[in-house]
Every structure is written in structure tokens, then in C-alpha cells.
Amino acid sequence: MPHTSPPTRRPPARHRRRLRAALLTAAAAALVAAALPQPEPLGIGDPLFPHLGNPGYDVVAYDIAFTYHGSNAKPLDAITKIDARTTQPLDRINLDFTHGTVRSVEVNGAPAEFAAAGEDLVVEPAAPLTPGQWLHITVDHTSDPRGDKNAGGWVRTGDGLAMANQADAAHRVFPCNDHPADKAYFTFRITAPKELTAVANGVRTARTATGAGDDITWSYSSGHPMATELAQVSIGRSAVLTRTGPHGLPVRDVVPAADAQKLEPWLKKTPAQLAWMERRVGPYPFETYGVLIADARTGFELETQTLSLFERVLFTDPGFPEWYVDSIMVHELAHQWFGNSVSPRRWSDLWLNEGHATWYESLYAEEHRGYTLERRMHYAYTQSDIWRAQGGPPAAPEPASPGKKLSLFRPVVYDGSALVLYALRQEIGETAFDRLQREWVRAHRDATASTADFTALASDIAGRDLSRFFRDWLYGKRTPPMPGHPDWKAEPVTAARQPAEALPAAH
């Protein structure tokens with residue numbers, strides 16, 4: 001018997017009006033979509049990294065799941081979930097992401113179109129977004145640890161992986177708003193073979209067997225907002241060693257299991273170093289601390305939040321004197337206050353991170369080695385004009401050299417920036433300077449702050465306008481006279497040479 005369609009019925013007038021409105025809305029949306037320009041990489045206007053970060057939204061939290069398949073030469077499977085709120089109308093959402101394959105994207109539960117543009121993942125939601133709207137973005141993707149090891153992101157270790165995302169490499173690992181101006185809370189879920197240990201920033205919240213029990217899923221969460229460049233995930237044959245720091249602070253160290261006993265003389269120093277820093281700047285700002293020692297050659301150490309990354313060789317090579325290793329440990333610890341808890345608003349504010357970390361590294365070396373701060377700063381003064389000529393003044397550094405992102409981390413942002421702090425202490429006195437340090441980390445805890453914020457606070461505490469002092473010291477092409485040391489002289493720029501007494505290994 002042939003199929004016959006039921007007779008058509010004209011819908012009621014109210015339904016016709018709704019249908020007409022729906023068709024008009026769909027047509028308008030189609031016209032908007034057709035009028036959109038080609039996807040392009042965007043940025044928030046950071047002079048040093050023009051395409052880093054994205055306008056139009058503020059990330060509140062990341063929930064990132066990685067599945068590690070037992071080899072650091074294979075891509076990880078990953079799902080990144082982002083909770084954010086829009087700050088302006090958006091037809092598209094730009095995320096920083098590269099070096100992975102995107103399988104699908106959802107926005108607020110609905111499938112979304114997506115395309116790559118430079119190092120951006122450009123997502124087009126089903127409907128335009130209005131200011132103040134909540135966003136729930138889910139990206140199903142891979143995360144590839146292979147490639148240029150100097151570009152940052154995943155670091156392939158002797159037994160697995162770790163992360164080194166500074167300054168602009170978190171988006172080589174997971175989709176994000178990859179700029180320290182947009183800090184957020186993080187949750188990590190890492191699934192790996194049961195014989196391996198996975199760790200991440202913050203505290204462990206779960207450890208559960210999956211499937212037939214051949215894999216374990218480790219979950220971690222941060223109790224404080226964090227910049228993407230400070231994210232840390234380590235997977236390997238690791239031992240997790242615990243001890244107690246000041247005021248009952250949990251201290252967690254993650255080291256190659258075979259080296260646990262050998263490294264203990266270094267690890268047991270951390271509680272005393274924490275107490276030393278607290279006496280100078282106030283309470284430690286996070287819920288836990290520790291060191292992650294990786295069997296890898298990176299050429300640097302890194303202050304990933306709550307779990308600083310160190311190369312194994314720093315502790316096992318007898319060529320590094322004990323005072324040097326101790327001071328580098330304090331350098332990365334100091335960053336937990338300066339750079340992690342108080343993060344730079346723009347990358348040109350990097351001097352606030354590295355200058356302060358170098359300052360406390362130097363004070364610690366003075367107390368424990370006898371190499372005085374004044375001697376180190378005098379040497380830095382002799383080289384300061386040379387460093388400024390090579391990389392710009394402390395608060396206006398030149399961009400990194402093409403293909404050499406780590407060249408941003410020049411002597412001028414380390415000893416050259418600590419020299420600015422030394423000059424400031426000479427200018428306003430030790431009492432006001434020490435008050436400034438404590439007030440700075442208290443006032444901007446868990447937030448971002450700028451050079452202008454620091455100079456304004458310094459002027460308030462000093463009780464006088466220091467704008468000319470900071471203009472000359474932070475932005476001048478030449479180093480101003482050192483208060484209290486009229487005899488100090490800077491070497492001419494033509495006398496450029498390698499700084500023999502600087503400590504270049506820390507970030």
C-alpha cells in the first residue's frame with residue numbers, strides 16, 4: 001500500500017508569528033556569520049608578545065585531563081574545560097593553542113565551529129555572546145610533547161614529562177588564555193600507567209584506579225589563582241617525599257625515585273629557607289611548597305607555582321658549590337611571592353619578578369657565604385650600561401630574539417633589576433624599603449600588579465614623589481648615579497663582556 005502524507009494544516013497565527021521570528025533570527029545569524037572576517041590570531045596588546053592572551057573574556061577556572069600512554073614520544077589525549085565570563089560582545093572566542101590536534105569544541109554544551117589561525121584556536125559559538133555571559137568551553141584535543149625542546153611547554157625527561165611554560169608556552173600544552181594578566185584556578189586529572197607517578201600544582205585530591213587497574217588517575221587542584229605560565233604537571237618514576245615547613249605548611253618534593261636518598265641533604269633545607277623568606281616578607285602565600293627535580297637538561301630552573309622545577313644536574317654535579325645551589329633554591333622560592341602570588345600585569349613588568357628573586361638570592365648568599373650584597377651590586381653597576389644597551393632598560397626590555405624566546409631573560413632583568421631595588425633602598429632607607437616589600441606582597445596577593453603600582457606604593461611609603469627616580473632607573477638608557485656611592489662608575493658600552501659573577505641559571 002503506497003504511503004500517503006497527512007493533509008497539511010495551517011498553523012495558528014501565534015505559531016506563524018513565532019515561526020516567522022525564528023526564521024528571521026536564523027537568517028540574521030546566517031548573515032552575521034557570512035559577514036565575519038577570516039579567523040585571525042589576536043592578543044591583548046602586550047608589546048613583548050603581541051599575539052599572547054585574548055580580549056573579550058576572563059577565565060575563572062581550568063579543568064584539564066591528560067591521558068599519558070606510557071611514552072613521552074607520543075601525543076597525550078586531553079580534554080580542557082574552561083569556565084569564563086565575557087567582558088565584551090563576542091562573535092568568536094580566541095584561545096591560545098598550538099602543537100596539538102583539536103577533535104571537537106563545545107560552547108555551553110553546544111557544538112561549535114573552530115579553526116586555527118597562527119597560534120590561536122578560533123572558536124565560533126552557535127550564537128553571538130553578550131557581555132557578562134558565562135562561558136563553558138570544552139576542547140577535546142591532543143597535547144604533543146615532541147618538537148622543538150627550546151620552544152617550551154612539555155619537557156621530555158629521562159622517565160616521562162614535566163612542564164616549562166615560561167613565558168609563552170602553556171598554549172603548546174593546552175588551550176588557554178596564555179597571559180599572566182588572566183589568572184585562574186586549576187584542576188588537573190592525569191591518567192598514566194600504574195607504575196608511574198603524576199603530580200601537579202596544588203594539592204592532591206584523588207588517586208583512583210581506572211579500567212582494569214592498569215592505569216591510575218591522579219587529581220590535583222589549586223587553592224589560589226595561577227598564571228598559565230606557572231602550570232606544572234610531571235609524570236615519571238618519581239618518589240614523593242613529604243615533610244613539614246613553618247606553621248605546619250605541607251612540603252612536598254618530587255624526585256627521581258632512584259635518587260631520593262642522594263638528594264635528601266638538599267631537600268631537607270627547604271623548611272629553613274621558607275622560614276628565612278617569611279622573616280623578610282611575611283607568610284608563605286600558598287597551600288603547599290616543594291621542589292620538582294627532573295632528569296632533564298633545560299639550562300634553567302623555574303618557579304612553577306607551589307612546585308619549583310629544577311634540573312637534576314644542579315644537585316648532582318659537584319662542580320656547583322653548595323652556596324650557589326642554595327641561593328638558586330631561594331631564588332625560585334622567592335618567586336612564590338614575587339611573580340606567582342603577585343603576577344606581572346604585562347611582560348615588561350618582568351623586572352619585578354626577577355629583580356626581587358635575585359635580591360633575596362643575593363641576601364641569602366651574603367648571609368650564608370659572606371659574598372656581600374654590596375659587592376654584587378657594585379659589579380652589576382659596572383655592567384649596567386652594557387646590559388641596558390644589549391637588552392633595553394629594566395622596565396622596557398626589548399623583545400626576545402626571533403626563534404630564541406628565552407633570550408628575554410637577560411642579565412638586565414636579573415642583576416640589573418636587583419640593582420634598581422638596591423638603589424631604591426639607598427634612596428628611601430632600609431626601614432621604608434622593608435615595609436614596601438611586605439606591603440607589596442600583602443596588597444597584591446593572588447592578583448596582578450604593574451610597575452606603576454609598585455612605584456606608586458613606594459612613593460606612598462617613602463612619603464614623597466619618587467616618579468623621577470623610577471623614570472631614570474627603570475627606563476633610562478644610562479644608569480643613574482648610585483645614591484650613597486658617588487664613586488661607582490659604569491663601564492662604557494664598548495667594553496661589553498660576559499658577566500663573570502652573575503648567577504644566570506635561575507628564572
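For reference, positions follow the sequence shown, starting with 1. Everything numeric here is computed off the predicted structure, so don't read it as measured data.
Residues satisfying the ring pair (Phe, Tyr, Trp, His ring centres under 6.0 Å) test with Phe454, not counting sequence neighbours, are Trp351, His356, Trp440. Under the side chain to side chain contact (heavy atoms under 4.5 Å, CB included) criterion, Leu267 pairs with Leu241, Arg243, Asp253, Val255, Leu263, Glu264, Val291, Ile293, sequence neighbours left out. Scanning for salt bridge (Lys or Arg N to Asp or Glu O under 4.0 Å) contacts around Arg252 gives an empty result, with sequence neighbours left out. Checked against side-chain hydrogen bond (donor to acceptor under 3.5 Å, both in side chains), Trp218 has no partners two or more places apart in sequence or in another chain. The side-chain hydrogen bond (donor to acceptor under 3.5 Å, both in side chains) check on Asp434 picks up nothing, with sequence neighbours excluded. Residues satisfying the salt bridge (Lys or Arg N to Asp or Glu O under 4.0 Å) criterion with Arg410, sequence neighbours excluded, are absent altogether. Scored by the salt bridge (Lys or Arg N to Asp or Glu O under 4.0 Å) test, Asp215 finds no partners at all (sequence neighbours excluded). With sequence neighbours left out, Arg103 forms a salt bridge (Lys or Arg N to Asp or Glu O under 4.0 Å) with Asp77, Asp140. Scanning for ring pair (Phe, Tyr, Trp, His ring centres under 6.0 Å) contacts around Tyr57 gives an empty result, with sequence neighbours left out. Checked against side-chain hydrogen bond (donor to acceptor under 3.5 Å, both in side chains), Gln88 has no partners two or more places apart in sequence or in another chain.
Sorted by first then second residue, the side chain to side chain donor-acceptor pair (under 3.5 Å) pairs that include residues 457-466, not counting sequence neighbours, are Glu427-Arg464, Asp465-Ser467. For residues 283-295, the side chain to side chain donor-acceptor pair (under 3.5 Å) pairs, not counting sequence neighbours, are Tyr289-Ser308.
Considering all non-hydrogen atoms of both residues, Ser417 and Pro394 come closest at OG-CB, 3.7 Å. Taking all atoms of both residues into account, the shortest heavy-atom contact from Leu95 to Pro175 is CD1-CB, 4.1 Å. Nearest heavy atom pair, residue Asn201 against residue Gln305, reads ND2-O, 2.8 Å. Looking at every heavy atom in both residues, Gly290 comes nearest to Val251 through CA-CG1, 4.4 Å. Of all non-hydrogen atoms in Ala164 and Leu302, the two that sit nearest each other are CA-CD2, 3.6 Å. The minimum heavy-atom distance linking Thr306 with Gln336 is given by the pair N-OE1, 3.0 Å.
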Q | Chi angles and distances behind the side chain to side chain donor-acceptor pair (under 3.5 Å) call for Asp349, Thr451 | A | CA-CA 6 Å; Asp349 299 317; Thr451 296; 2.7 Å; yes

Q: Start with the C-alpha gap between Ile235 and Ile190, add the side-chain angles, then the distance that decides, and say whether side-chain contact (heavy atoms from CB on, under 4.5 Å) holds.
A: CA-CA 8 Å; Ile235 306 167; Ile190 309 110; 3.7 Å; yes

Q. After noting the C-alpha distance and the side-chain angles of Val139 and Ile79, does the key distance pass the side-chain contact (heavy atoms from CB on, under 4.5 Å) rule?
A. CA-CA 6 Å; Val139 185; Ile79 295 177; over 6 Å; no

Q: Would you check, one step at a time, whether the test side-chain contact (heavy atoms from CB on, under 4.5 Å) holds for Leu466 with Thr455?
A: CA-CA 7 Å; Leu466 294 172; Thr455 60; over 6 Å; no

Q.
Is there a ring pair (Phe, Tyr, Trp, His ring centres under 6.0 Å) between Trp359 and Phe433? Walk through the geometry before answering.
A. CA-CA 12 Å; Trp359 177 261; Phe433 181 83; 5.2 Å; yes

Q: Would you check, one step at a time, whether the test side-chain contact (heavy atoms from CB on, under 4.5 Å) holds for Leu52 with Ile44?
A: CA-CA 7 Å; Leu52 207 59; Ile44 60 171; over 6 Å; no

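Side-chain atoms of His51 and Glu119 form no donor-acceptor pair, as typed in the model, at a separation below 3.5 Å. Between the side chains of His179 and Asp46, a donor-acceptor pair is found at a separation under 3.5 Å. For the residue pair Thr217/Thr208, the side-chain donor-acceptor check at 3.5 Å is not satisfied. Side-chain contact annotation: Thr80 with His141, donor-acceptor N/O pair under 3.5 Å present. For the residue pair Glu106 and His136, no side-chain donor N or O sits within less than 3.5 Å of a side-chain acceptor on the partner. Side chains of Asp446 and His224: a donor on one and an acceptor on the other come within 3.5 Å. Between the side chains of Asp178 and Thr228, a donor-acceptor pair is found at a separation under 3.5 Å.
The backbone N or O of Ala112 sits nowhere less than 3.5 Å from a side-chain atom of Glu124 that would complete a donor-acceptor pair. Side-chain atoms of Thr298 come within 3.5 Å of backbone atoms of Phe300 as a donor-acceptor pair (strictly under, hydrogens ignored). Formation of a donor-acceptor pair under 3.5 Å by the Arg85 side chain with backbone atoms of Val59 is not found in this model. Panel note: side chain Asn94, backbone Val122; no donor-acceptor pair is recorded below 3.5 Å. In this structure, Glu301 contributes its side chain and Glu311 its backbone to a donor-acceptor pair below 3.5 Å. Side-chain atoms of Asn72 come within 3.5 Å of backbone atoms of Gly160 as a donor-acceptor pair (strictly under, hydrogens ignored). Under a 3.5 Å cut-off, the side chain of Ser143 and the backbone N or O of Val173 do form a donor-acceptor pair. Lys183 places a side-chain N or O within 3.5 Å of a backbone atom of Ala447 that can act as its donor or acceptor partner. Asp182 contributes no side-chain N or O that, together with a main-chain N or O of Asn177, makes up a donor-acceptor pair within less than 3.5 Å. Put simply, the side chain of Asn353 never gets that close to the backbone of Ser343: no donor and acceptor are under 3.5 Å apart.
With contacts defined as side-chain heavy-atom distances shorter than 4.5 Å, the pair Thr448/Pro344 does not qualify. Residues Phe188 and Ser222 have side chains not in contact (no heavy-atom distance under 4.5 Å, counting atoms from C-beta outward). Contact of the Tyr475 side chain with the Phe470 side chain is not registered, since no non-hydrogen atoms from C-beta on lie closer than 4.5 Å. Counting only heavy atoms from C-beta outward, the side chains of His335 and Glu354 approach each other to under 4.5 Å. You'll find the side chain of Thr191 stays beyond 4.5 Å of the side chain of Ile216, heavy atoms only. Proximity of Arg156 to Leu161: side-chain heavy atoms (C-beta onward) are separated by under 4.5 Å at one or more points. The shortest side-chain heavy-atom distance between Ile64 and Val233 does not fall under the 4.5 Å cut-off. Counting heavy atoms from C-beta on, the side chains of Pro89 and Thr130 never come closer than 4.5 Å.
Cation-pi geometry between Arg280 and Trp276 is met: under 6.0 angstrom from the ring centre, within 45 degrees of the axis.
The number of heavy atoms from other shown groups lying within 6.0 Å of CZ (Arg468) does not exceed 12.
The aromatic rings of Phe338 and Tyr360 sit parallel to each other, their planes meeting at less than 30°, with 60° as the upper class boundary.
Taking a cutoff of 4.0 Å between a charged side-chain nitrogen and a carboxylate oxygen, Arg345 and Asp453 qualify as a salt bridge. Taking the charged nitrogens against the carboxylate oxygens, Asp63 and Arg189 do have a contact shorter than 4.0 Å, which makes a salt bridge.
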